[in-house]
Amino acid sequence: MKQIKLSLERKNSNYDICIGSGLIPSHSFSFLESFTGSQIAVISNHEISKLYYEKVKLAIQTIKPHIEIQLISLLAGESTKSIDSFSEILDTLVRSRFKRNDLLIALGGGVVGDLTGFTAACYQRGIDFVQVPTTLLAMVDSSVGGKTAINHSKGKNLIGAFHQPAEVIIDTDCLKSLPDSEFSAGMAEVIKIAAIYDESFFEWLELNYSKVLSKDASALEYMIFKSCSLKAKVVEQDELEQGIRAILNFGHTFGHAIENLSGYGKVLHGEAVAIGMVLAAGFSNDEAKLDANISSRLVKLLKRFNLPTELPANLDQEQIVDAMLLDKKNKEKGIRLILIEKLGSAIIKEFSKKSISTYLLNYKTLEGES
Ligand code: GLY
């Protein structure tokens with residue numbers, strides 16, 4: 001097992017991210033050592049709870065046999081990240097007389113993690129929660145760093161809070177049950193963190209892609225450990241995204257627009273981010289003097305993991321720019337983009353609507369060499 005400690009100045013807090021095979025149920029959930037409550041609610045979806053809920057329950061009961069544990073199981077999918085689900089969970093917690101020292105566990109992917117974290121942030125002004133991510137995307141990105149949210153009908157993640165988990169437990173065995181398309185979608189976030197923050201990790205991915213694709217256990221453990229360590233370093237510097245944390249949004253401004261216009265669920269978040277990174281790399285060639293060879297290597301690596309790299313033919317540049325303007329991260333004057341100057345080094349810059357429109361209008365597909 002590999003372990004990372006993420007330390008934050010605000011509230012002087014820190015927590016462990018534990019990564020390994022077979023952690024559920026064998027891992028001694030360390031948050032239980034300091035747990036003084038009497039109830040735990042595991043929040044999950046119908047598919048994931050069938051696979052892992054009993055194992056999580058067993059792990060807890062082996063250490064603390066007298067804790068009451070209940071499952072709150074929801075429909076799988078982005079539509080569950082809603083005010084209705086938030087309210088349904090709150091009703092259950094109030095009915096069960098949940099106290100401030102009780103605990104929530106998020107068992108699932110990004111939807112379950114974001115919703116559980118947001119509920120934990122709000123219930124009685126904040127209770128503890130633990131992340132047990134079961135998708136690659138949640139393991140390497142959304143379960144780490146304390147961003148929690150639900151969607152509003154007018155936009156994704158519009159209602160949210162920064163609320164850090166008490167522990168993140170990543171059992172790489174969960175990846176065995178993950179559909180290939182979702183594994184690929186998670187790889188987009190792995191490639192993103194390498195491209196913006198660590199050239200040698202990018203090179204490792206280029207050299208080891210076949211081991212990762214064949215789900216070699218030690219390659220997966222290393223890759224997830226590295227992704228989480230890099231993300232932890234960024235979050236430790238800027239927990240509340242006042243500055244450098246924004247680089248984690250590389251590919252996301254274009255990506256969110258593509259996701260929004262295609263209809264959520266039609267294009268997976270990671271797939272949209274993959275296309276977004278290719279567009280942002282092309283823009284970096286023009287605006288940050290990025291060597292065109294790096295863009296080609298990015299395209300080639302994304303293709304290795306079966307990720308899309310081309311803009312869907314049915315979207316035009318005006319639609320994309322208008323959708324980008326709706327992104328909550330944009331300031332009034334312009335659109336904020338993350339560009340890369342070279343592998344492992346990202347910058348944050350604002351651009352006018354016109355300059356992005358012109359770029360998209362003249363955009364030519366960046367082909368990776370095969
Ligand atoms: N997913 C980007 C962040 O956590 O900041």
Side-chain angles (χ1 to χ4, degrees), residues 4 6-10 13-15 17 78 81 106 108-118 120-121 129 131 133 135-151 155-165 167-168 170 182 185-198 201 223-260 264 268-277 280 307 324 327-330 336-340 346-348:
I4 301 159
L6 194 155
S7 305
L8 297 160
E9 267 173 30
R10 193 175 70 109
S13 67
N14 62 61
Y15 57 92
I17 304 164
E78 187 73 27
K81 227 173 100 173
V111 167
V112 163
D114 283 10
L115 170 66
T116 305
F118 182 64
F129 81 113
Q131 290 272 17
T135 64
L136 181 61
L137 193 130
M139 291 176 185
V140 297
D141 189 45
S142 59
S143 69
V144 173
K147 276 192 180 176
T148 75
I150 54 174
N151 300 331
K156 200 171 147 90
N157 296 337
L158 278 187
I159 308 158
F162 286 96
H163 188 57
Q164 300 292 339
E167 188 174 9
V168 183
I170 301 176
E182 287 207 36
M187 284 308 301
E189 298 286 359
V190 175
I191 294 169
K192 173 203 80 180
I193 194 88
I196 57 170
Y197 213 62
D198 191 331
F201 183 41
M223 182 184 83
I224 295 167
F225 169 75
K226 194 75 197 169
S227 304
C228 291
S229 306
L230 294 172
K231 178 156 184 186
K233 273 191 197 156
V234 175
V235 172
E236 281 172 345
Q237 292 171 66
D238 177 27
E239 181 191 359
L240 303 179
E241 200 173 306
Q242 306 293 308
I244 190 179
R245 184 168 179 165
I247 66 170
L248 297 172
N249 297 317
F250 177 55
H252 284 60
T253 312
F254 285 113
H256 281 156
I258 294 165
E259 222 179 333
N260 187 339
Y264 289 105
L268 295 175
H269 174 71
E271 293 170 342
V273 167
I275 302 167
M277 285 194 285
L307 283 160
M324 286 168 93
D327 197 304
K328 67 180 179 313
K329 296 195 183 76
N330 288 321
R336 190 178 69 174
L337 279 183
I338 312 306
L339 305 182
I340 44 176
I347 52 167
I348 306 162

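Atoms within a ligand are numbered from 1 in the order they appear, just like the ligands themselves. No hydrogens, no waters, no symmetry mates; every other heavy atom, side chains included, goes into these values.
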- prompt: Can you tell me if Ser227 uses its side chain to pair, donor with acceptor, with the backbone of Val190 under 3.5 Å?
  reply: no

query: With distance as the sole test, does Arg245 use its side chain to make a donor-acceptor pair with the main-chain N or O of Gly145 at under 3.5 Å?
result: yes

Please tabulate, one line per pair, the protein N or O atoms found under 3.5 Å from any N or O atom of ligand 1, giving the distance to one decimal.
unit_1, atom_1, unit_2, atom_2, d
ligand 1, 1 (N), Asp141, OD1, 3.4
ligand 1, 1 (N), Asp141, OD2, 3.1
ligand 1, 4 (O), Lys231, NZ, 2.6
ligand 1, 4 (O), Arg245, NH2, 2.7
ligand 1, 5 (O), Lys147, NZ, 3.0
ligand 1, 5 (O), Arg245, NE, 2.8
ligand 1, 5 (O), Arg245, NH2, 3.3

field: CD-CG distance between Glu271 and Leu307, expressed to the nearest 0.5 angstrom
entry: 7.0 Å

- request: Consider only side-chain N and O atoms of Asn157 and Lys147, and report whether a donor and an acceptor are under 3.5 Å apart.
  value: no

query: Does the distance from a Lys or Arg side-chain N to an Asp or Glu carboxylate O, for Arg336 and Glu241, drop under 4.0 Å?
result: yes

- request: Ignoring hydrogens and angles, state whether a donor on the side chain of Glu189 or His252 is under 3.5 Å from an acceptor on the partner side chain.
  value: yes

